[in-house]
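What follows is a single structure, written as structure tokens, with notes after it.
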Amino acid sequence: MKILVINCGSSSLKYQLIDSNTEEALASGICDRIGIDGELKYQPAGCEKNVTKVAIPNHEVAVKLLLEALTNEKNGVIKSLDEIQAVGHRVVHGGEKFSSSVIIDEEVLTQIEECVELAPIHNPSNIVGIKVIQNIMPGVPNVGVFDTAFHQTMPKKAYMYGLPLKYYDKYKIRRYGFHGTSHSFVSKRACEFCGLDPKNSKIIVCHLGGGASISAVLNGESIDTSMGLTPLEGMVMGTRCGNIDATIVEFLMSKENMTIEQVMDILNKKSGVLGITNGFSSDFRDLNDAAEAGDELADLAMEAFSYSAAKYIGGYIMSMHGVDAIVFTAGIGENDHIVRDKITSYFDYLGVEINPEVSKSRGKEVMLSTPDSKVKVCVIPTNEELAIARETVILVNNI
Ligand code: ADP
């Protein structure tokens, strides 16, 4: 089965066409700078990436362009759109309504629309992506895969904030957690890789990318995670502040004479390691190089990032009364051995031992810990697109 996977952001649309039999991507790419000017990146498997500057005023044009690229006579990977049997959509916020993926019908679309107030930046673009596909490819089933769904198994004590109950009752203000598709995919694969029984396992997944979150997965179910009502909560991230004292918002508004929108923009886009390095970079490759050259702020930013991750891991070891495996994934987790080493160094007291021969490994599945280590530590590359394609196949086969 050929499954188109779509991840709609406000100004970008990432896509992959996946053959579910081989689980290989036949082509992938991104429509970037939607509504600004426009750039189409298209890469058939095993070939060079094509980058075309082309006007992309809206998501409808973006979808048309990517479908044209996929069927293009010169370097398309399918002859006709009829070969696409289903489309899987990443949807950021499913609120409390969705604890698993669903076939999208009118009722589901209305429910996703009801979650917009919980994710005003993300959900509207996801909805646009779904509607555009419904228009252009009528009759092809659409499946919604939610970032929040995997964390719906959290117990109430983990998701309730210490706020007046009426705000949960009225507005459903609570912890939801994100990156669920990745945490689910990576924790399942980690069990296979580490030889653990999923129904009897204690896994901590560290999804360390531009956005970063950590989850505690007990017996295959998420029981806690670091992001909250929105992806702003949790550890120090690339440009997001993570946990701060809420009073800082009021303090900045009054001292700097800023509006709430300006403060929120700072907390989302100008904080994290970018903020700590005084605006130098949110990219850990830059931070690694600068720290090696003696830049103290770059080193401090990596220390603060790693320390905040270690505190979550420590907390989750306590939540699960132990841990079998600590798993790193996403851009930083898969590639940055300096950050991984900083984080794992906090767990020497648990008998964590890292094998120096593989500790610098990049971008591939690897056991980082020694055979004698009391806790397994490994890297499992995430593949959210493949996870979405798998969910889509399961649902479409059940229609
Ligand atoms: P997102 O999808 O949230 O943008 P990714 O999972 O792609 O995030 O991760 C992006 C981050 O991965 C970048 O901030 C970059 O710092 C980091 N990264 C990628 N490759 C490397 C590398 N070789 N060394 C260190 N960090 C890396």
Side-chain angles (χ1 to χ4, degrees), residues 5-16 25 28-30 32-33 41 43 90 92 119 121-122 125-126 145 147 177-183 185-186 205-215 225-227 230-242 268-277 279-293 295 297-299 301-306 308-309 327-344 358-366 368 379-388:
V5 175
I6 293 223
N7 180 356
C8 256
S10 54
S11 65
S12 72
L13 187 164
K14 293 185 195 144
Y15 64 93
Q16 272 191 22
S28 61
I30 178 167
D32 224 345
R33 303 179 60 84
K41 292 190 184 128
Q43 185 166 29
R90 175 191 182 206
V92 170
I121 301 170
H122 294 101
S125 346
N126 303 152
V145 180
D147 272 25
F178 296 87
H179 294 140
T181 312
S182 176
H183 286 288
F185 178 88
V186 168
V205 178
C206 309
H207 177 110
L208 309 179
S213 69
I214 303 197
S215 67
T225 190
S226 57
M227 284 178 168
T230 75
L232 183 58
E233 190 185 344
M235 53 177 293
V236 172
M237 300 179 223
T239 65
R240 291 175 222 156
C241 60
N268 273 297
K269 299 191 181 148
K270 302 193 173 85
S271 300
V273 294
L274 177 72
I276 293 176
T277 56
F280 167 62
S281 181
S282 62
D283 191 313
F284 276 69
R285 285 163 288 207
D286 297 337
L287 300 185
N288 285 177
D289 293 346
E292 205 185 358
D295 185 318
L297 286 181
D299 187 55
M302 290 199 297
E303 288 289 354
F305 180 91
S306 307
S308 72
V327 190
F328 290 100
T329 195
I332 300 159
E334 290 167 28
N335 295 297
D336 193 332
H337 67 93
I338 299 174
V339 165
R340 286 195 307 244
D341 286 348
K342 283 185 196 295
I343 295 173
T344 50
V358 291
S359 69
K360 292 192 171 63
S361 165
R362 272 200 179 148
K364 57 173 199 265
E365 194 169 81
V366 64
L368 293 172
V379 173
I380 304 284
T382 192
N383 191 338
E384 286 163 288
E385 289 76 17
L386 176 58
I388 292 173

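Since we're looking at a predicted model, the values are computed, not measured. Whatever order the structure lists ligands and atoms in, that order sets their numbers, starting from 1.
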For this session: Give the residue, atom name and distance (to 0.1 Å) of the protein heavy atom nearest atom 11 (C) of ligand 1.
Result: Ile332 CG1, 3.9 Å
Seminar exercise, completed: So the atoms of ligand 1 within less than 4.0 Å of a heavy atom of Ser282 turn out to be 14 (O)
Exercise. Judging by distance only, is a nitrogen or oxygen of Phe284 under 3.5 angstrom from one on ligand 1?
Worked result: yes
Exercise. Residues in side-chain hydrogen bond (donor to acceptor under 3.5 Å, both in side chains) with Asp341, at least two apart?
Worked result: none
For this session: Determine whether the side chain, the backbone, both or neither of Arg362 has a heavy atom under 4.0 Å from any heavy atom of ligand 1.
Result: side chain
Problem set entry | Heavy-atom protein neighbour under 4.0 angstrom from atom 7 (O) of ligand 1 | no
Problem set entry | Side chains of Ser215 and Thr225, donor plus acceptor under 3.5 Å | no
For this session: May I ask you to check whether His183 and Thr382 show a side-chain donor-acceptor distance below 3.5 Å?
Result: no
For this session: Measure from the side-chain N and O atoms of Thr181 to the backbone N and O of Asp147, and report whether any donor-acceptor pair falls under 3.5 Å.
Result: no
Exercise. For atom CD of Glu292, is the number of surrounding heavy atoms from other residues, nucleotides or ligands below 6.0 Å larger than 12?
Worked result: no
Problem set entry | Protein heavy-atom partner closest to atom 15 (C) of ligand 1 - residue, atom, separation in Å | Asp283 OD1, 3.4 Å
Problem set entry | All ring pair (Phe, Tyr, Trp, His ring centres under 6.0 Å) counterparts of Phe284, not counting sequence neighbours | Phe305
Problem set entry | Protein heavy-atom partner closest to atom 24 (N) of ligand 1 - residue, atom, separation in Å | Arg285 CG, 3.5 Å
Problem set entry | Option with minimal heavy-atom separation from atom 5 (P) of ligand 1, where the choices are Gly238, Ser281, Gly331, Gly333 | Gly331
Exercise. Identify the closest protein heavy atom to atom 2 (O) of ligand 1: which residue and atom is it, and at what distance?
Worked result: Lys14 NZ, 4.7 Å
Seminar exercise, completed: One finds that the ligand 1 atoms under 4.0 Å from a non-hydrogen atom of Ala330 are 6 (O)
Problem set entry | Test item: side-chain donor near acceptor, Ser213 and His179, under 3.5 Å | yes
Exercise. So, the side chain of Arg90 versus the backbone of Glu385: is there a donor-acceptor pair under 3.5 Å, distance only?
Worked result: no
Problem set entry | Shortest heavy-atom approach to atom 23 (N) of ligand 1 - which of Asn335, Asp289, Leu208 | Asn335
For this session: Go through ligand 1 atom by atom and flag the ones less than 4.0 Å from a non-hydrogen atom of Gly211.
Result: 3 (O)
Exercise. Below 3.5 angstrom, do we get any N/O pair linking Gly210 and ligand 1?
Worked result: yes
For this session: Walk me through it: do Asp32 and Lys14 pass the test salt bridge (Lys or Arg N to Asp or Glu O under 4.0 Å)?
Result: CA-CA 8 Å; Asp32 224 345; Lys14 293 185 195 144; over 6 Å; no
